[in-house]
There are 2 protein chains.
Amino acid sequence: MSDTEINTQTTARRGRPRAFDREVALAKAQALFHARGYDALSVADLTHALGINPPSFYAAFGSKLELYDEALRRYEKTEGLDVDTALAPGTPLSEGVARLLRYAADAYASGEACGCMVIEAARGTADAAAGEKARERMEASRSYIHQRISSLDAGHADLASDYVMMSLAGLSASARNGMPTARLRIMAAIAADGLKSQLEHAA
Amino acid sequence: MSDTEINTQTTARRGRPRAFDREVALAKAQALFHARGYDALSVADLTHALGINPPSFYAAFGSKLELYDEALRRYEKTEGLDVDTALAPGTPLSEGVARLLRYAADAYASGEACGCMVIEAARGTADAAAGEKARERMEASRSYIHQRISSLDAGHADLASDYVMMSLAGLSASARNGMPTARLRIMAAIAADGLKSQLEHAA
DNA sequence: TTATTTCTGTATCACTCACTACAAAATCCT
DNA sequence: AGGATTTTGTAGTGAGTGATACAGAAATAA
């Protein structure tokens with residue numbers, strides 16, 4: 001009769017309830033990590049921005065590194081490129097790559113935290129463990145892109161996925177350096193033309 | 001009779017002489033900054049690697065930041081790309097860019113400190129002042145490349161220099177991710193083809 | 001109510017960071 | 001030789017780092 005067992009996410013645990021929304025805090029932390037990077041963002045910065053104290057922070061997220069890992073995965077889910085649409089079955093490879101790079105141009109320039117959170121974090125972090133986390137996520141993305149490209153044109157999968165990853169890194173860097181969306185789109189189109197030209201001449 | 005006044009670099013200053021070679025130390029510091037980045041390389045790491053104590057370090061270099069600035073400039077002089085040769089007067093723009101990117105492919109993959117020291121440092125540093133120094137050097141390089149491209153093809157200088165900077169960032173990132181020289185050269189060629197194709201179709 | 005559990009705030013912890021005070025040592029100038 | 005000057009090694013500075021001990025507060029369970 002009653003619907004008491006439907007709500008499984010907040011199962012009315014015992015003890016004093018948490019005074020903040022963990023999901024909201026994670027979203028805010030992810031944005032901060034994206035904008036300022038792992039090293040430049042201290043736990044003190046985070047607790048201050050979230051309006052909580054260190055013990056609450058560590059009880060909810062474990063450690064700075066664990067929160068960072070969660071933030072990276074959240075970024076992929078909420079702001080990651082739509083690889084499936086860009087490289088949909090039946091799409092010519094050069095066209096799919098052009099679409100994916102255009103998605104990146106649009107995504108990387110928007111907001112104050114520009115560039116790709118994963119690509120920018122994959123190198124240059126003082127904390128070795130944090131860099132490793134980012135590199136893991138980037139490798140996962142690379143692998144997935146390679147797989148999707150492989151289903152379109154298996155013969156050029158290695159070459160094309162390497163080129164895509166390089167182009168994404170270039171676009172991300174340019175976005176980070178302040179390049180506006182419109183110009184970024186042009187850059188993406190030129191880069192895509194390079195692969196197209198290569199595939200045509202090699203055919 | 002004697003040649004005492006010829007040697008002007010070591011003018012026999014008063015006081016206790018320095019026990020280490022400043023140039024050698026600078027070279028070693030530059031390599032370390034390149035390989036590990038500003039944040040990850042502590043002054044303690046530096047003094048240990050150079051075999052000196054902190055007071056000698058600060059007497060010789062002023063501060064970690066000043067040494068970093070010197071290291072960046074040394075990198076440009078000793079390992080910077082030969083822009084003048086790549087974009088020599090009379091060179092077709094697309095060919096010059098292809099040459100410059102190939103130089104980068106060769107330079108970025110060599111050694112254990114891979115990627116461009118300036119590009120990699122221009123973003124992602126926890127220390128804001130160090131990032132600013134790197135960004136200054138990158139802007140200087142961008143400006144010089146823009147000027148040289150402008151003398152080859154003034155109409156496409158903005159577009160081409162933006163594209164070159166983006167491609168260099170992509171090549172640097174790929175090198176940092178372990179891409180070998182041969183593959184990096186192919187990437188450079190494909191990227192250069194993009195601009196060539198763009199310039200031809202726009203003409 | 002009473003016990004149990006969980007979270008919250010205060011006040012730290014040990015550690016690393018870039019950097020320096022101080023006096024002894026080593027050179028040049030007179 | 002003796003004074004002036006600069007570097008050297010020892011030892012430590014204050015500030016900031018990520019992470020915690022502890023006790024009180026706020027909820028559920030009995």
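Residue numbering restarts at 1 for every chain, and letters A, B, ... go by the order of the sequence lines.
In this structure, B/Leu41 reaches the sugar-phosphate backbone alone: every heavy-atom distance under 4.0 Å involves primed, P, OP1 or OP2 atoms, never a base. Across all strands, A/Ala60 comes closer than 4.0 Å to no nucleic acid atom at all (heavy-atom distances). At a threshold of 4.0 angstrom between heavy atoms, the contacts of B/Phe61 with the nucleic acid are absent.
Listed nucleotides: C/dT8, D/dG18, C/dA21. Nearest to the side chain of A/Lys64: D/dG18. Proximity note for B/Pro17 (side chain, C-beta onward) versus C/dA18, D/dA26, C/dA26: the nearest is C/dA26. Of all nucleotides listed (D/dT10, C/dG9, C/dC28), C/dC28 comes nearest to the side chain of B/Arg14. Across D/dT7, C/dT20, C/dT8, the shortest atom-to-atom separation from the side chain of B/Pro55 is found for C/dT20.
Phosphate proximity of D/dT17 to A/Ser42: present, with a side-chain N or O under 4.0 Å from OP1 or OP2. Residue B/Tyr58 has no polar side-chain atom (N or O) positioned under 4.0 Å from OP1 or OP2 of C/dT20.
When each of B/Ala40 and B/Gly62 is assigned the nucleotide of DNA chain C bearing its nearest heavy atom, the one mapping closer to the 5' terminus is B/Ala40. Residue order along DNA chain C, read from the 5' end via each residue's closest nucleotide, puts A/Gly51 first among B/Asp45 and A/Gly51. Ranked by how close their nearest DNA chain D nucleotide is to the 5' end, B/Ala19 and B/Pro54 are led by B/Ala19.
Computed from coordinates, the B/Glu66 CD to C/dA18 C1' distance equals 13 Å when rounded to whole Å. With rounding to whole Å, B/His48 atom NE2 is found 13 Å from C/dC17 atom P. Rounded to whole Å, atom P of D/dT28 lies 13 Å from atom CZ of A/Arg16. For the pair B/Asp127 CG and D/dA15 C1', the computed distance is 14 Å after rounding to whole Å. Taking atom CZ of residue A/Phe57 and atom P of nucleotide D/dA21, one finds them 17 Å apart after rounding to whole Å. Distance B/Tyr38 OH to C/dC17 C1': 11 Å, rounded to the nearest Å. Here the C1' atom of nucleotide C/dT8 and the CG atom of A/Asn53 are 7 Å apart, to the nearest Å. One atom, CG of A/Leu67, and another, P of D/dT17, lie 16 Å apart when rounded to the nearest Å.
Side chains of B/Leu81 and B/Tyr108 form a contact here, defined as non-hydrogen atoms less than 4.5 Å apart. Side-chain atoms of B/Asp21 and B/Leu26, non-hydrogen and from C-beta on, never get closer than 4.5 Å to each other.
Each of A/Phe61, A/Tyr38, A/Tyr75 was checked for a ring pair (Phe, Tyr, Trp, His ring centres under 6.0 Å) with A/Phe33, and the lone residue meeting it is A/Tyr38.
Ion pairing between a basic and an acidic side chain is recognised when a charged N comes within 4.0 Å of a carboxylate O; B/Arg135 and B/Glu132 show such pairing.
Between the side chain of B/Ser167 and the backbone N or O of B/Tyr163, at least one donor-acceptor pair lies under 3.5 Å.
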